[in-house]
Amino acid sequence: MGADGMATHNMGAAAVLRLPTDKPPFTLAQIKKAIPPHCFERSLIKSSYYLVRDLVIVAALLYFATAVIPALPAGLTRHAAWTLYWVAQGCVAFGVWVIAHECGHHAFSDYQLLNDAVGLVLHSWLLVPYFSWKYSHRRHHTNPGSLERDETFVPQQKAALAWYAPYAPYVEGNAAGRLLLIAVRLTIGWPLYLTLNSHGRPYPRHACHFDPYGPIFSDRERVQVFVTDVSLLAVWFALFKLASAFGFWWMVRVYGVPLLVVNAWLVLVVYLHHTHQALPHYDSSEWDWLRGALATVDRDYGVLNHVFHHIADTHVLHHLFSAMPHYHAMEATKAIRPLLGDYYKFDATPIAKAVWRETRECVYVESLGDGKGVFWYNNKF
């Protein structure tokens, strides 16, 4: 059994069986009808409980880092304690990141102003441009699986690859290069996306999440991008004052390294949501929203499914009903799986093995040459 008792029938070779690309024999309305109505209800009390719980754990871990670890004997014991803190704090803080992400989807409560206020504060402290990313992420949900209009981890077509692609780290036999590529992606992939639009949708000019006048945003969104930038500047100033008071390396140990763990989880989870040999991408001649929304995969992160508020093991559902709160997502996923049938993809491959496999196998996309605008991952040169 896989995540929370869900059957892991998609193991081994079955995990890469391609999703059907014909128009589904069901509609979004029929999928919604299969879900218990209460799953669509947002509870401010429940959402606040999960947020407060996470923040209490963050505070407890912060106390451990600032009061307990310095009192430990220097050497291996203290190094091990710091490592434990970095991993634990990074995982829990990514759970906070997910709750802020729910605020952007109007899934935290019924009150949009409250959602945005909570999301802005939480994401700003994690150095995420809340409104900027909310808007680009909304377009990801509006155009999932579209080669022309999706916003993140948009695969390249083979003809668009650089001349040196056959010698790049992901090719067969270059394991060291592939490991370096994964390390770079997990450490600086998120800031590269925010500042340089790395692996994002192609725009006619430079696209940056911090530029209110960039091509990512419409005129009515620019003021809130300004608000986001001001909020981030305030957090940077607060971090500067803390570093001035306690020291630069104190700030790195207590805040910087856990933030790197948060960013690594973010990139890894999003990458594995949308990168899989079984998942199609569509050009404008073939794309429609429902098939694009189904072109994602649920993964099993073990106990971290709970820490991450089920963002990874219920992602198919999330693309269908993004305003549904996370505490109903497992129940709703179990309800729709019989209806979705082969249009639902769950891969229980261990995460480390999966990221290694997808980095090797999912290099570019190409059509099968059948005249259809359906594209599949490949790595052959």
Side-chain angles (χ1 to χ4, degrees), residues 10 15-32 135-163 165-166 168 170 193 197-207 214-218 221 270-298 315-322 336 339-347 358-359 361-381:
N10 285 349
V16 296
L17 290 176
R18 289 172 170 173
L19 282 181
T21 57
D22 295 331
K23 290 188 181 297
F26 47 78
T27 65
L28 184 64
Q30 290 172 319
I31 301 173
K32 185 174 182 179
Y135 293 135
S136 67
H137 188 62
R138 177 192 295 170
R139 294 185 182 98
H140 164 60
H141 277 266
T142 304
N143 304 286
S146 167
L147 286 175
E148 291 95 352
R149 298 185 305 277
D150 202 351
E151 282 286 344
T152 182
F153 281 114
V154 182
Q156 286 187 297
Q157 297 184 44
K158 186 176 183 180
L161 293 176
W163 64 268
Y170 36 69
Y193 169 66
N197 196 38
S198 175
H199 291 282
R201 169 185 173 179
Y203 283 97
R205 60 188 178 90
H206 176 62
I216 299 176
F217 310 111
S218 66
E221 296 167 344
V270 176
Y271 175 75
L272 290 180
H273 281 163
H274 300 288
T275 309
H276 195 289
Q277 289 174 282
L279 301 181
H281 285 75
Y282 303 94
D283 68 14
S284 56
S285 70
E286 189 74 19
W287 181 87
D288 63 66
W289 183 85
L290 183 55
R291 282 186 294 169
L294 292 169
T296 184
V297 58
D298 287 350
H315 198 68
V316 175
L317 173 90
H318 178 64
H319 263 276
L320 294 170
F321 305 103
S322 59
I336 66 175
L339 176 63
L340 297 186
D342 290 339
Y343 285 86
Y344 173 81
K345 176 60 67 176
F346 176 77
D347 188 350
E358 308 334 352
T359 303
E361 301 293 339
C362 301
V363 178
Y364 60 84
V365 293
E366 63 178 355
S367 70
L368 299 179
D370 53 6
K372 294 183 179 180
V374 182
F375 292 74
W376 299 97
Y377 278 110
N378 206 338
N379 68 344
K380 306 303 181 188
F381 290 97

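Note that the coordinates shown come from a computational prediction; the quantities given were computed from them, not determined experimentally. For reference, positions follow the sequence shown, starting with 1.
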Go through the structure and list residues passing ring pair (Phe, Tyr, Trp, His ring centres under 6.0 Å) with [X], not counting sequence neighbours.
| X | result |
| --- | --- |
| H273 | H315 |
| H199 | F153 |
| F26 | Y343 |
| F321 | F40 |

Of all residues at least two apart in sequence or in a different chain, which pass the side chain to side chain donor-acceptor pair (under 3.5 Å) check with [X]?
| X | value |
| --- | --- |
| S146 | none |
| R149 | N143 |
| N197 | none |
| Q277 | none |

Could you tell me how the ring of H141 sits relative to the ring of H319: parallel (under 30°), tilted (30 to 60°) or perpendicular (over 60°)?
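H141 vs H319 ring planes: parallel.
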Between [atom1] on residue [X] and [atom2] on residue [Y], distance to nearest 0.5 Å:
| X | Y | atom1 | atom2 | value |
| --- | --- | --- | --- | --- |
| N378 | K158 | CG | NZ | 7.0 Å |
| H276 | T296 | NE2 | OG1 | 10.0 Å |
| D347 | L279 | CG | CG | 9.5 Å |
| R139 | I216 | CZ | CD1 | 8.5 Å |
| K32 | L320 | NZ | CG | 12.0 Å |
| W376 | H281 | CH2 | NE2 | 10.5 Å |

Counting distance only, does the side-chain N/O of [X] pair as donor-acceptor with the main-chain N or O of [Y] below 3.5 Å?
| X | Y | answer |
| --- | --- | --- |
| R291 | P280 | no |
| W289 | P144 | no |
| D298 | V316 | yes |
| E286 | D283 | no |
| Y344 | L294 | no |

Set of residues satisfying side-chain contact (heavy atoms from CB on, under 4.5 Å) with respect to [X], sequence neighbours excluded:
| X | value |
| --- | --- |
| V154 | D150 |
| T152 | H140, Y193, V270 |
| S198 | L192 |
| D370 | L368, K372 |

How close do [X] and [Y] get, heavy atom to heavy atom, and via which atoms?
| X | Y | answer |
| --- | --- | --- |
| A295 | L19 | CA-CD1, 4.0 Å |
| K345 | A278 | CE-CB, 3.7 Å |
| P215 | Y203 | O-CE2, 3.6 Å |

I would like to know whether Y271 and T359 meet side chain to side chain contact (heavy atoms under 4.5 Å, CB included); could you show each step before the answer?
CA-CA 10 Å; Y271 175 75; T359 303; 3.6 Å; yes
Apply the test side chain to side chain contact (heavy atoms under 4.5 Å, CB included) to residues L272 and V297: give CA-CA distance (whole Å), side-chain angles for both, the deciding distance (0.1 Å), then the verdict.
CA-CA 8 Å; L272 290 180; V297 58; 6.0 Å; no
Is there a side-chain contact between Q157 and L147, using heavy atoms and a 4.5 Å cut-off?
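The answer is yes, as the side chains (C-beta and beyond) meet within the 4.5 Å cut-off.
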